[in-house]
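All ligand and atom numbering here is 1-based and tracks the order in the structure.
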Amino acid sequence: MQQSLGIHMSKDSGFVMDTQCPFCSVQCKMRITKELPVLGSSRPSYVIEGIANAASEGRLCVKGMNAHQHATSTERLLQPLVRKDGQLVSASWEEALSTISSRFQAIAKEYGPDSLGVYGGGSLTNESAYLLGKFARVALGTKYIDYNGRFCMSAAASAGNKTFGIDRGLTCRLSDIPLARCIILAGTNIAECQPTLMPYFTKAKENGAIIIVIDPRVTATAAIADIHLQLKPGTDAALVNGLLKVLVDEKLIDETFISRRTNGFAELKDHLSGIQLEEVADLTGLKVAAIQKAAMAYGRAETGIIFTARGVEQQTDGHVGVRNFLNLVLATGKVGKSGCGYGAVTGQGNGQGGREHGQKSDQLPGYRNIEDEQDRSYVAGVWGIDPTELPRKGVSAYEMMELVHQRVIRSLFVMGSNPIVSNPNANLVEKGLQNLDFLVVADMFLSETAKLADIVLPVTAYLENDGTLTNLEGRVLLRESTIASPGETRHDWSILCQIAEELGKKRYFSFQSAEQIFEELRLASRGGLADYYGITYDRLRREGGIYWPCTSTEEDGNQGMMFTDAFAHSDGKAIFMPVASRLPEEIPSEKYPLTMTNGRVLSHYLTGVQTRKSPSLAARNIENYIEIHPKTAQKLRVEDGEWVEVTSRRGSFNVRSRITDKIREDTVFVPMHWGGVQNVNKATSPELDPHCKMPGFKTSTVAITTLRLRK
Ligand SMILES: Nc1nc2c(c(=O)[nH]1)N[C@H]1C(S)=C(S)[C@@H](COP(=O)(O)OP(=O)(O)OC[C@H]3O[C@@H](n4cnc5c(=O)[nH]c(N)nc54)[C@H](O)[C@@H]3O)O[C@H]1N2
Ligand SMILES: Nc1nc2c(c(=O)[nH]1)N[C@H]1C(S)=C(S)[C@@H](COP(=O)(O)OP(=O)(O)OC[C@H]3O[C@@H](n4cnc5c(=O)[nH]c(N)nc54)[C@H](O)[C@@H]3O)O[C@H]1N2
Ligand code: SF4
Ligand SMILES: [Mo]
């Protein structure tokens with residue numbers, strides 16, 4: 001067994017360690033110094049400093065500054081927990097692992113291997129994410145694996161794949177941002193969600209760039225906008241049809257680029273001839289003049305970058321919504337050259353790497369396709385199994401939850417996610433998980449999901465766990481630890497190896513370090529779209545970070561600009577797609593008169609399991625709230641700061657009102673960081689985008705009632 005495993009920290013010691021923030025996709029590098037308690041105090045103190053690196057340039061945001069507080073919290077799980085007589089009680093690893101293997105085997109024997117499900121996360125390192133995919137297919141033999149990135153990156157990923165032939169979050173480098181003369185920020189609140197990137201945008205502005213923000217709310221990001229298109233939620237695709245129409249009419253398109261480097265423009269042009277700007281204005285709730293102004297600004301600018309994030313993507317037409325933004329990029333030829341490009345602003349710390357190496361139901365490492373015979377036999381070769389033993393594709397994250405609810409999936413293994421809070425239609429998901437025959441959760445904390453588990457496995461945190469993570473630029477970064485794991489916590493990857501061993505599959509999982517797994521990942525990804533073959537730990541130590549694709553160890557790791565000469569489709573061309581203008585699935589009715597959207601605040605991260613353990617972060621937002629426009633509040637007789645009940649067709653939750661004119665009158669906004677009665681997902685819709693199976697999180701219609709007036 002590995003030396004760093006199972007070590008109790010016998011006595012407190014100070015340390016200085018370089019690491020990375022565990023939260024968002026910027027992956028800011030930092031130095032942590034732990035100083036021993038001074039006389040009169042029982043607690044050590046921590047000094048956190050940013051370290052210069054290509055993405056954050058040494059900056060840190062408030063979450064990064066305080067991340068160590070959760071990792072060093074007394075609420076960390078330090079021993080396995082096993083449910084006995086209805087209670088979770090401490091148990092040995094031996095007992096936990098042997099129970100897991102015998103229960104998995106018994107359930108697979110009775111109902112078949114596909115009755116076992118695996119649910120991963122985009123916080124896992126590349127090594128753990130890769131191994132989780134292999135674990136599902138080789139150790140358990142199930143086709144059912146998916147992960148929380150389905151809710152995060154799937155619309156942009158599938159759009160990038162279809163339009164460009166490859167999906168890497170940013171097609172350019174962050175250093176291109178200050179060179180762009182026009183920047184469109186669509187459904188992305190960078191000021192709160194990737195705060196350390198803001199200086200790139202303020203620099204662009206200083207250089208004369210026009211910044212266009214597309215968001216139903218006046219966010220902290222909208223504060224830097226020259227043009228703010230405060231559209232109705234769910235109408236981005238329609239808005240872009242309007243922008244494209246203006247560009248074509250004003251001849252602001254790049255004919256040479258279109259003819260040399262793309263396919264399908266004639267169909268798009270034909271489609272646009274049927275678009276009326278007045279109709280677009282009506283659908284989006286914007287003025288024709290504002291749409292024209294934005295289109296002219298982007299069209300006339302010599303260089304430009306478009307960013308989208310979850311505001312555009314978490315829709316039932318998120319895939320085509322992004323594709324329409326990509327139509328804009330292609331029509332103006334603003335890609336593949338300095339100061340130009342498209343960026344899907346990746347969310348989680350390893351949101352990019354987590355989507356490349358096999359946690360997705362239809363995917364094998366290196367972005368390979370599990371239904372492609374060549375891909376199957378290549379990866380089966382690396383894994384030393386027969387291709388016929390490889391399961392076929394499974395279903396997406398929420399669809400897995402439906403199968404759990406229907407008891408088709410009888411047992412679930414969750415690593416790095418809190419699905420009962422983060423799935424849409426959370427009531428159904430919770431009921432499903434409660435009815436599982438056997439639930440295992442690997443986490444640092446007793447999350448809402450872990451509380452329902454039969455076995456909870458305590459894992460190491462970012463401070464203790466080695467591995468690589470791929471940031472939003474597509475740059476692979478190495479995070480190494482020099483400190484021991486607290487209590488009996490173990491690394492995610494090592495837990496997978498140990499369960500596999502119990503299941504008699506040791507020969508496929510005999511890894512002693514994260515680096516050994518990375519060596520196999522290099523081979524498994526070789527020749528795939530996300531090719532990591534040229535990347536090694538030694539190179540990462542020397543060079544700081546390396547962009548994928550990197551096909552040989554000799555290749556320059558610093559070439560971040562994609563598509564300079566060709567796109568990734570076999571003919572080298574990108575593809576236009578005509579996109580219909582439409583309203584969201586749910587439109588306001590008498591019973592549910594308001595459109596509810598949702599998202600994030602600066603101080604909390606996702607379901608808040610980590611950030612609530614950090615006093616400095618928790619104190620900034622101790623409870624959830626709903627943003628309501630003053631006129632709407634007046635109509636509903638809701639006062640500022642009172643508790644209200646928000647109800648949709650799916651369910652209801654309770655939050656405090658926050659009256660603000662920074663939101664549209666027909667729209668309300670709720671953060672996503674709370675579980676239980678404050679969970680917005682009790683009311684969100686599980687309707688999925690047919691192309692990528694992203695739920696339409698961002699638009700549900702709701703009714704609001706004050707709890708004050710209720711008898
Ligand atoms: N502080 C913090 N930072 C984070 C996270 C966190 O939880 N907290 N999570 C990380 C993760 S995993 C992710 S995925 C990213 C998410 O990063 P973002 O996508 O930027 O975050 P959101 O707040 O979900 O949504 C962004 C904006 O979309 C707007 N919006 C809502 N509906 C619509 C719409 O229909 N159209 C348009 N154009 N805009 C709309 C919202 O008002 C919001 O301001 O952030 C990462 N960074
Ligand atoms: N309404 C609404 N819902 C949403 C969204 C939205 O915008 N609106 N956004 C969606 C998006 S973009 C995302 S990414 C999802 C995220 O949803 P979740 O996956 O539920 O997110 P987290 O809260 O990060 O849950 C991660 C859990 O894993 C644990 N953890 C953290 N790091 C590790 C690790 O390295 N190993 C292990 N084993 N455990 C770890 C944490 O303690 C936590 O309990 O939510 C989605 N849900
Ligand atoms: S949350 Fe994101 S921006 Fe803030 S320090 Fe961490 S990685 Fe950097
Ligand atoms: Mo995300």
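- If you check each of M672, Q348, R600, E313 against atom 12 (S) of ligand 2, the one with the closest non-hydrogen atom is R600.
- A heavy-atom distance below 4.5 Å is not found between the side chains of R310 and F151.
- Contacts between F151 and ligand 2, counted as non-hydrogen atom pairs separated by less than 4.0 Å, involve both the backbone and the side chain.
- Enclosure of atom CZ in R656 by more than 12 non-hydrogen atoms of other residues, nucleotides or ligands within 6.0 angstrom is indicated.
- For ligand 2, the polar-atom distance check finds no N/O of R310 at less than 3.5 Å from any of the ligand's N/O atoms.
- Listed by number with element, the atoms of ligand 2 under 4.0 Å from a non-hydrogen atom of V680 are 1 (N).
- Side-chain contact of Y547 with N471: a donor-acceptor pair under 3.5 Å is absent, judged by distance alone.
- Defined by atom type and a distance below 3.5 Å, a donor-acceptor pair is missing between the side-chain atoms of N681 and N423.
- A donor and an acceptor atom, one from each side chain of N189 and T221, are located under 3.5 Å apart.
- Using cut-offs of 30° and 60° on the angle between ring planes, the pair F413 and F135 is tilted.
- Identified under the salt bridge (charged side-chain N to carboxylate O under 4.0 Å, His left out) test for residues 443-470, with sequence neighbours left out: R76-E464.
- Ligand 2 has no atom lying under 4.0 Å from any heavy atom of V421.
- Nearest to atom 31 (C) of ligand 2 among the protein's heavy atoms is M444 CE, 3.5 Å.
- Nearest non-hydrogen protein atom to atom 1 (N) of ligand 2 is N681 OD1, 2.8 Å.
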What do the steps show when you test Q69 against S614 for side-chain hydrogen bond (donor to acceptor under 3.5 Å, both in side chains), and what is the final call? CA-CA 5 Å; Q69 290 181 349; S614 165; 2.7 Å; yes

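- In terms of polar-atom proximity, defined here as any N/O pair under 3.5 Å, A442 does make such a contact with ligand 2.
- Applying the salt bridge (Lys or Arg N to Asp or Glu O under 4.0 Å) criterion to E192, with sequence neighbours excluded, gives no partner residue.
- At the top of the distance list for atom 39 (N) of ligand 2, counting protein heavy atoms only, stands G416 CA, 3.3 Å.
- Using cut-offs of 30° and 60° for the angle between ring planes, the F104 and F438 rings count as perpendicular.
- Atom 24 (O) of ligand 2 has as its closest protein heavy atom L606 CD1, 3.3 Å.
- In terms of polar-atom proximity, S447 is not counted as a contact of ligand 2, lacking any N or O under 3.5 Å from an N or O of the ligand.
- Geometrically, ligand 2 and Q610 share no nitrogen or oxygen pair separated by less than 3.5 Å.
- M30 is linked by a side-chain contact (heavy atoms from CB on, under 4.5 Å) to T19, C21, I32, I48, L60, counting only residues two or more places apart in sequence or in another chain.
- Residue contacts with ligand 2: T460 is placed with no nitrogen or oxygen under 3.5 Å of a nitrogen or oxygen of the ligand (distance criterion only).
- Considering backbone and side-chain atoms together, N465 places no N or O closer than 3.5 Å to any N or O of ligand 2.
- Within the 4.5 Å cutoff, the side chain of M672 has heavy atoms near those of the L606 side chain.
- Taking NE2 of H405 as the reference point, atom CE of M400 lies at 15.5 Å (rounded to 0.5 Å).
- Near ligand 3, residues C21, F23, C24, Q27, C28, C61, K63, G64, P195, T196 each place a heavy atom inside the 4.0 Å sphere around the ligand atoms.
- Nearest heavy-atom pair, H68 versus T72, reported as atom, atom and distance to 0.1 Å: O-OG1, 2.7 Å.
- No side-chain N or O of Q27 forms a donor-acceptor pair with one of R479 less than 3.5 Å apart.
- Annotation for ligand 2: atoms under 4.0 Å from non-hydrogen atoms of C152 are 12 (S), 14 (S).
- Residue-to-ligand polar distances place D492 within reach of ligand 2: an N/O pair is separated by less than 3.5 Å.
- Counting heavy atoms under 4.0 Å from ligand 2, residue N598 touches it through the side chain alone.
- Comparing S422, G599, S700 by heavy-atom distance to atom 18 (P) of ligand 2, the nearest is S422.
- Among N418, L457, V414, D443, the residue whose heavy atom sits closest to atom 29 (C) of ligand 2 is D443.
- A perpendicular orientation is assigned to the rings of H604 and W674, their planes being inclined by more than 60° (bins at 30° and 60°).
- Residue-ligand proximity: M153 is placed with every non-hydrogen atom at 4.0 Å or more from ligand 2.
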